[in-house]
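Report on the following structure.
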Amino acid sequence: MLIYNTLARKKEEFVPAVPGKVRMYVCGPTVYDAAHMGHARSAVVFDVVFRHLMSKGWDVLYVRNFTDVDDKIIRRAQETGVESREVAERYIREFHEDMDALGVLRPSREPRATEHIQEIIQLVQSLLEKGSAYVVDGDVYFRVRAFSGYGKLSGRKLEDMEAGARVEVDKRKEDPFDFALWKASKPGEPNWESPWSPGRPGWHIECSAMGHSHLGVTFDIHGGGQDLIFPHHENEIAQSEAAFGKTFVRFWVHNGFVNIDQEKMSKSLGNFRTIRDVLSEHHPETIRMFLLSKHYRSPVDFTPEAMAEAGGALERIYACLKRIQEAVGPGDGDGDDWPARFVQAMDDDFNTAGALGITFEAVRQANRLLDEDPKKHAAELSGIRAAVAGMGKTLGLFGEDPEAFFQAASQKAVQDKGLDPEEIEMQIELRNQARKNRDFALADTIRDQLAQKGVILQDAQGKTTWKLA
RNA sequence: GGCGGCAUAGCUAAGUGGUAAGGCAACGGUCUGCAAAACCGUUAUUCCCCGGUUCAAAUCCGGGUGCCGCCUCCA
């Protein structure tokens with residue numbers, strides 16, 4: 001299969017370094033606040049990567065860390081008057097709740113920076129011994145100029161960047177781009193004993209340490225948001241390759257941003273939407289559908305219209321599954337070439353948008369057969385259902401019973417809009433009486449009244465069902 | 001200033017050398033008492049512009065234009 005490698009700036013054939021085993025690391029959140037849609041995108045994208053790699057029969061060891069010690073956590077702790085450990089615990093718990101709600105599988109391992117202090121100290125020590133780092137007042141900095149490959153991931157040269165550096169430079173550093181491996185703690189801050197000072201790890205070193213400790217010197221895939229390419233991932237490469245003298249990561253994979261009004265969603269712009277906020281308005285699979293209907297490397301614009309569209313698309317698929325279920329009952333069949341075409345799209349750099357196109361083609365074919373003669377095509381319909389379910393397994397979609405899906409959807413909408421389902425059923429009964437009496441004027445009046453409340457009626461096979469507009 | 005990405009119908013979105021997927025919307029048809037849903041058909045001689053390579057380009061190369069991101073914590 002092909003994966004776009006940020007390091008090569010092109011798609012490359014992916015084969016695990018160790019046959020049959022994929023080792024993947026993805027940068028997880030810094031746990032100091034509620035997770036937003038940007039975190040959701042990264043998590044869902046790599047969830048699908050994880051699922052797809054597993055579906056290829058590979059044994060995938062997927063590590064996603066928690067950054068649980070950091071300036072922002074410390075600040076948050078000071079602001080709220082609790083221990084920074086408690087801040088981290090709280091947001092780890094919330095993150096898990098959000099991810100579970102979104103149907104994101106738990107990674108194989110979820111290490112925390114604070115659980116790897118010894119490995120971090122060893123790595124820093126080794127960099128000092130190799131002359132790649134130096135100590136200043138209890139801090140330890142990485143000596144960027146000592147690593148010749150610096151800039152290879154982000155495609156920059158140190159010389160080119162200096163003009164653009166807008167940050168106040170710490171005069172104690174040899175080079176403005178040297179970065180902290182170890183930070184001496186101020187009084188009252190969390191700290192660990194080290195040869196240099198009581199302190200804590202810098203941001204970048206934890207990922208290198210955890211990556212190596214769980215996945216080895218070299219591993220297959222390292223992922224994260226595009227905003228991590230520089231400096232975070234660039235620095236990880238520098239540390240790791242300076243320490244071990246070997247390739248750190250074979251494939252670098254980066255997901256695009258979530259935008260609001262064509263602008264990057266971010267904490268600093270204040271235009272972010274938290275996952276739980278969005279979950280209160282939309283079905284979790286609608287969120288996944290929205291995120292997966294665009295290629296993972298492209299920016300995706302979060303708008304009410306886009307969410308409505310994703311919800312509609314999801315309903316179309318569930319409606320078809322429901323029809324199949326009602327028409328042919330349980331049972332499996334041969335999926336024809338739908339699964340193969342789906343896999344082909346996914347094998348091309350996780351082209352979920354293209355893959356969903358295949359799903360919709362399968363759905364149309366199923367509807368066609370259902371319109372024609374469900375009995376005659378029972379085997380093929382079962383096959384399509386199995387195929388769609390299989391695609392859903394990779395995408396983390398279509399996992400609910402179709403009947404339950406629609407019931408839950410109307411229940412939630414009913415709650416939100418303050419409608420009474422029994423009342424609606426009664427109106428439907430009245431209307432059907434009127435229809436029986438061929439009093440279509442009355443029937444249409446009832447239907448119009450319901451429509452004004454946002455209730456759309458559907459007459460099918462002698463039964464009337466309803467949904468919300 | 002440096003680096004990178006993107007530009008495909010009304011909207012959205014795949015396609016990266018062989019003659020434009022899919023979703024939404026619109027219009028016509030089938031079905032229906034009428035609708036809705038579903039299905040069928042129509043909707044991009046053309047893929048931001050200008051050159052070039054090629055038998056053949058949305059796809060490759062060169063030059064423009066526009067938008068976005070990174071260069072500072074950020075998924």
Side-chain angles (χ1 to χ4, degrees), chain A residues 6 9-11 26-30 32-33 35-46 70-72 75 151 154-157 159-168 177 203 223-232 234 254-259 262-269 272 289 293-295 297-301 303 305-306 308-310 312-317 319-320 323 341 345 348 351-372 435 438-441 443-444 447-448 451 456-461 464-467 469:
Chain A
T6 306
R9 277 172 255 288
K10 60 176 193 230
K11 292 183 198 172
V26 174
C27 286
T30 300
Y32 73 105
D33 204 352
H36 58 65
M37 285 296 289
H39 298 104
R41 183 172 198 195
S42 176
V44 168
V45 162
F46 288 102
D70 145 284
D71 291 348
K72 290 190 290 283
R75 196 188 320 137
S154 53
R156 1 180 149 234
K157 302 186 189 87
E159 302 74 55
D160 295 337
M161 286 193 294
E162 286 179 272
R166 278 178 265 155
V167 180
E168 207 174 319
F177 288 95
W203 175 36
Q226 277 170 356
D227 45 1
L228 298 180
I229 294 173
F230 190 89
H232 187 52
E234 194 71 63
H254 294 97
N255 65 276
F257 301 130
V258 175
N259 290 163
Q262 331 261 35
E263 240 182 349
K264 179 184 167 182
M265 176 184 293
S266 75
K267 299 286 288 182
S268 42
L269 283 168
F272 60 93
M289 184 63 117
S293 61
K294 190 136 180 176
H295 190 92
R297 279 186 283 119
S298 307
V300 61
D301 213 30
T303 62
E305 293 75 27
E309 191 170 305
L314 189 63
E315 275 185 33
R316 178 171 161 80
I317 290 168
C320 176
R323 282 186 79 190
R341 292 178 62 201
D348 184 5
N351 185 354
T352 52
L356 277 167
I358 310 293
T359 311
F360 281 108
E361 285 184 48
V363 162
R364 189 200 290 139
Q365 172 65 5
N367 280 324
R368 205 180 280 149
L369 299 174
L370 285 158
D371 279 0
E372 195 188 302
R435 290 173 74 210
R438 305 197 66 79
D439 183 356
F440 296 121
D444 289 352
R447 186 172 61 196
D448 290 347
I456 306 294
L457 299 188
Q458 298 180 344
D459 301 321
Q461 290 140 25
T464 301
T465 54
W466 60 276
K467 65 166 196 172

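First the proteins, then the strands, lettered A, B, ... as listed; each starts at 1.
A:Arg297 places its CZ atom 13 Å from the C1' atom of B:rA14, with the value rounded to the nearest Å. Atom CD of A:Gln226 is separated from atom P of B:rC68 by 16 Å (rounded to the nearest Å). When rounded to the nearest whole Å, the span between CG of A:Asp448 and C1' of B:rC34 equals 11 Å. Put simply, CD on A:Gln458 is 7 Å from P on B:rA37, counting in whole angstrom units. In this structure, the NZ atom of A:Lys267 is 11 Å from the C1' atom of B:rC73, given to the nearest Å. The CZ-C1' distance, from A:Arg364 to B:rC39, rounds to 9 Å in whole Å. Rounded to whole angstrom, the span from the CH2 atom of A:Trp466 across to the C1' atom of B:rA37 amounts to 16 Å. Rounded to an integer number of Å, the gap from A:Lys157 NZ to B:rC71 P is 19 Å.
The nucleotide whose nearest atom lies closest to any side-chain atom of A:Lys264 is, among B:rC34, B:rG23, B:rA75, B:rA75. Among the nucleotides B:rA14, B:rC39, B:rC71, the one closest to any side-chain atom of A:Asn367 is B:rC39. The nucleotide whose nearest atom lies closest to any side-chain atom of A:Asn255 is, among B:rA75, B:rC71, B:rA13, B:rA75. Of the listed nucleotides (B:rG69, B:rA36, B:rC73), B:rC73 has the atom at the smallest distance from the side chain of A:Pro231. Listed nucleotides B:rA37, B:rA75, B:rG23 differ in distance to A:Ser42; the shortest reach to its side chain belongs to B:rA75. Of the listed nucleotides (B:rG33, B:rG2, B:rG4), B:rG33 has the atom at the smallest distance from the side chain of A:Phe440.
At least one donor-acceptor pair closer than 3.5 Å links the side chain of A:Arg41 to the backbone N or O of A:Gly256. The backbone N or O of A:Thr465 sits nowhere less than 3.5 Å from a side-chain atom of A:Gln458 that would complete a donor-acceptor pair. Remark: the backbone N or O of A:Ala355 is paired with a side-chain donor or acceptor of A:Thr359 at under 3.5 angstrom. Side-chain atoms of A:Asn351 come within 3.5 Å of backbone atoms of A:Gly354 as a donor-acceptor pair (strictly under, hydrogens ignored).
Along RNA chain B, the nucleotide closest to A:Ala443 and the one closest to A:His36 are compared, and the more 5′ of them pairs with A:Ala443. If A:Asp301 and A:Ile456 are placed on RNA chain B by their nearest nucleotide, the residue sitting closer to the 5' end is A:Asp301.
When every heavy atom of A:Met37 is checked against every heavy atom of A:Val258, the shortest pair comes out as O-CG2, 3.6 Å.
A salt bridge does not link A:Asp371 to A:Arg368: none of the charged side-chain nitrogens sits closer than 4.0 Å to a carboxylate oxygen. A salt bridge does not link A:Lys294 to A:Asp301: none of the charged nitrogens lies less than 4.0 Å from a carboxylate oxygen.
Note on A:Thr359: nothing from the nucleic acid sits closer than 4.0 angstrom, heavy atoms only. Heavy atoms of A:Glu361 sit under 4.0 angstrom from primed sugar atoms or phosphate atoms, though from no base atom. Within 4.0 Å (heavy atoms only), A:Ser293 reaches sugar-phosphate atoms of the nucleic acid but no base atom. Using a 4.0 Å heavy-atom criterion, one finds that A:Phe230 contacts the sugar-phosphate atoms exclusively. Residue-level contact check: A:Asn259 touches neither bases nor backbone, having no heavy atom under 4.0 Å from any strand. If you check every strand for non-hydrogen atoms under 4.0 Å, A:Val45 touches nothing. Base engagement by A:Met265 is indicated by at least one non-hydrogen atom pair under 4.0 Å involving a base atom. Residue contacts shown for A:Asn351 are limited to sugar-phosphate atoms, with no base heavy atom under 4.0 Å away. Within the nucleic acid shown, A:Gly151 has no heavy atom closer than 4.0 Å to any nucleic acid atom. Looking at heavy-atom distances under 4.0 Å, A:Ala460 makes no contact with the nucleic acid at all. As judged by a 4.0 angstrom heavy-atom cut-off over every strand, A:Gly225 is placed among residues touching the sugar-phosphate backbone only. Using a 4.0 Å heavy-atom criterion, one finds that A:Asp371 contacts the bases of the nucleic acid, with or without backbone contacts as well. Using a 4.0 Å heavy-atom cutoff across all strands shown, A:Gly312 reaches no nucleic acid atom at all.
The same atom, C1', is picked in B:rU19 and in B:rU45; the two are 11 Å apart, to the nearest Å.
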Could you pull out the protein-nucleic contacts involving nucleotides 27-31 of chain B (nitrogen or oxygen on both sides, under 3.5 Å)?
none

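Remark: A:Arg9 CZ is packed, more than 12 non-hydrogen atoms of other residues, nucleotides or ligands lying under 6.0 Å away.
Residue A:Arg316 has no polar side-chain atom (N or O) positioned under 4.0 Å from OP1 or OP2 of B:rA37. Phosphate contact (OP1/OP2 of B:rC34, side-chain N/O of A:Arg447, threshold under 4.0 Å): absent.
Where stacking is scored as ring centres under 5.5 Å apart with planes under 30°, A:Phe360 does not register as stacked on the base of B:rG22.
Contact of A:Arg435 with B:rG33 (side chain to base): a donor-acceptor pair of N or O atoms is detected under 3.5 Å. For B:rA75, its base never sits under 3.5 Å from the side chain of A:Arg41 at any donor and acceptor pair. Evaluation of atom-type donor-acceptor distances gives a pair under 3.5 Å for the side chain of A:Glu309 against the base of B:rG23. Between the base of B:rG15 and the side chain of A:Asp348 there is no donor-acceptor pair shorter than 3.5 Å. Looking at A:Arg368, its side chain has no donor and acceptor atom pair within 3.5 Å of the base of B:rC40.
Cation-pi geometry between A:Arg156 and A:Phe230 is satisfied (NZ or CZ under 6.0 Å from the ring centre, within 45° of the ring normal).
Applying the side-chain hydrogen bond (donor to acceptor under 3.5 Å, both in side chains) criterion to A:Ser293, with sequence neighbours excluded, gives no partner residue.
Side-chain contact of A:Asp459 with A:Thr464: a donor-acceptor pair under 3.5 Å is present, judged by distance alone.
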